[in-house]
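Whatever order the structure lists ligands and atoms in, that order sets their numbers, starting from 1. Index from 1, following the sequence. Source: prediction; values computed, not measured.
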Amino acid sequence: MFKIVENRMIVPNINLMTIEAPLIAGEVQAGQFVILRANDDGERIPLSIADWDRAKGTISVVILTIGGTTSDLAAIQVGKNIPTAVGPLGNPTEIEHFGTVLCIGGCYGIASIYPIARALKEKGNRVIAVMEARSSYLLYWEDKLEKVSDRLIRITRDGTKGYRGHVSKIPGIMQEAREPVDRIIINGCTFLMKRSADASRPYGIKTIVSLNPIMIDGTGMCGVCRVSVGSATKFACVDGPDFDGHEVDWKELLQRRKTYLKEETIVSETSRCEDHALKTRDEAL
Ligand code: FES
């Protein structure tokens with residue numbers, strides 16, 4: 001069992017969860033992930049490890065509450081346990097002295113890009129961190145990212161903070177500003193990574209994405225996380241999660257991610273009904 005020592009909403013719909021998992025905390029490196037279950041009957045979901053404390057034996061993940069399992073995880077009280085935390089899984093992000101690196105994070109990817117930016121900075125790179133959200137109230141960890149980067153760029157789709165628009169603008173902005181970029185690393189939802197990789201392609205900048213397909217075992221056994229990269233079939237859990245964003249078959253990935261959309265919708269609707277039923281019952285008592 002793994003004890004939850006922190007679980008709080010940091011911006012609407014996004015929770016920061018810290019878990020006691022000393023073996024994982026002792027081994028984890030930037031770019032790796034963990035598979036969690038919220039309860040004994042729950043499904044296994046992969047989450048990037050956003051931070052860790054080796055001395056305390058804890059790891060932190062940032063959870064976007066979007067379906068049944070993520071809602072269950074977000075609802076767990078501090079002090080309770082979860083039955084499963086498997087990791088660290090996947091390969092660490094390649095950390096070398098590349099020169100100038102754009103570290104782009106959107107949504108939950110703002111958190112998972114943080115340890116990558118930190119490791120790149122420690123290697124002597126010039127790190128430009130980029131965070132994107134729909135609006136300023138959805139930005140978080142600005143202080144943390146500021147500490148591990150040479151420059152922090154904010155982008156909001158409604159223009160309430162920083163640049164207005166999408167992260168896909170950024171490679172072009174950097175090139176126009178004659179600030180050469182040697183590598184781009186993107187964490188976030190599939191659409192964000194696809195758009196950003198499409199935007200960097202004309203500039204020929206190596207662009208690494210952290211893929212997030214559906215997973216079950218996370219150890220290369222089930223094949224559920226299959227992705228096509230270049231002309232090869234890869235398993236994101238053991239061959240990734242990082243891949244060259246210009247080589248990924250995004251259409252296939254987006255299609256496969258929708259496999260259980262109907263079931264997820266039913267779970268969400270059902271839990272909403274159950275919530276409503278419980279609320280009605282509580283009000284009646
Ligand atoms: Fe099963 Fe990757 S999650 S092979």
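A salt bridge does not link Arg44 to Asp217: none of the charged side-chain nitrogens sits closer than 4.0 Å to a carboxylate oxygen. Salt bridge annotation for Arg154-Glu132: absent, with no cationic side-chain nitrogen under 4.0 angstrom from a carboxylate oxygen. Between Arg226 and Glu252 a salt bridge is recorded (basic side-chain N to carboxylate O distance below 4.0 Å). Of the charged side-chain nitrogens involved, at least one lies within less than 4.0 Å of a carboxylate oxygen, so that Asp198 and Lys194 count as a salt-bridged pair.
Taking every non-hydrogen atom of Gly220 and a distance limit under 4.0 Å, the qualifying atoms of ligand 1 come out as 4 (S). Each of the atoms 2 (Fe), 3 (S), 4 (S) of ligand 1 lies under 4.0 Å from some heavy atom of Cys237. Per-residue contacts place Ile216 under 4.0 angstrom from the following atoms of ligand 1 (heavy atoms of the residue considered): 3 (S). Ligand 1 places these atoms under 4.0 Å from at least one heavy atom of Gly218: 1 (Fe), 3 (S). Per-residue contacts place Asp217 under 4.0 angstrom from the following atoms of ligand 1 (heavy atoms of the residue considered): 1 (Fe), 3 (S), 4 (S). Of all atoms in ligand 1, numbered sequentially from 1 with element shown, those under 4.0 Å from a heavy atom of Met215 are 3 (S). Distances below 4.0 Å separate heavy atoms of Gly223 from the following atoms of ligand 1: 1 (Fe), 4 (S). Atoms of ligand 1 lying under 4.0 Å from at least one heavy atom of Cys225, given by number and element, are 2 (Fe), 3 (S), 4 (S).
Judged by distance alone, with hydrogens and angles left aside, the side-chain atoms of Tyr108 form no donor-acceptor pair with the main-chain N or O of Asn187 at under 3.5 Å.
With rounding to the nearest 0.5 Å, the separation of CZ in Phe191 from OG in Ser168 is 13.0 Å. Taking CD1 of Ile184 as the reference point, atom NZ of Lys206 lies at 12.0 Å (rounded to 0.5 Å).
Residue-level proximity to ligand 1 for Met221 is carried by the backbone, the only part with a heavy atom below 4.0 angstrom.
Atom 2 (Fe) of ligand 1 does not have Cys222 among its coordinating residues (no N/O/S atom, backbone or side chain, under 2.8 Å).
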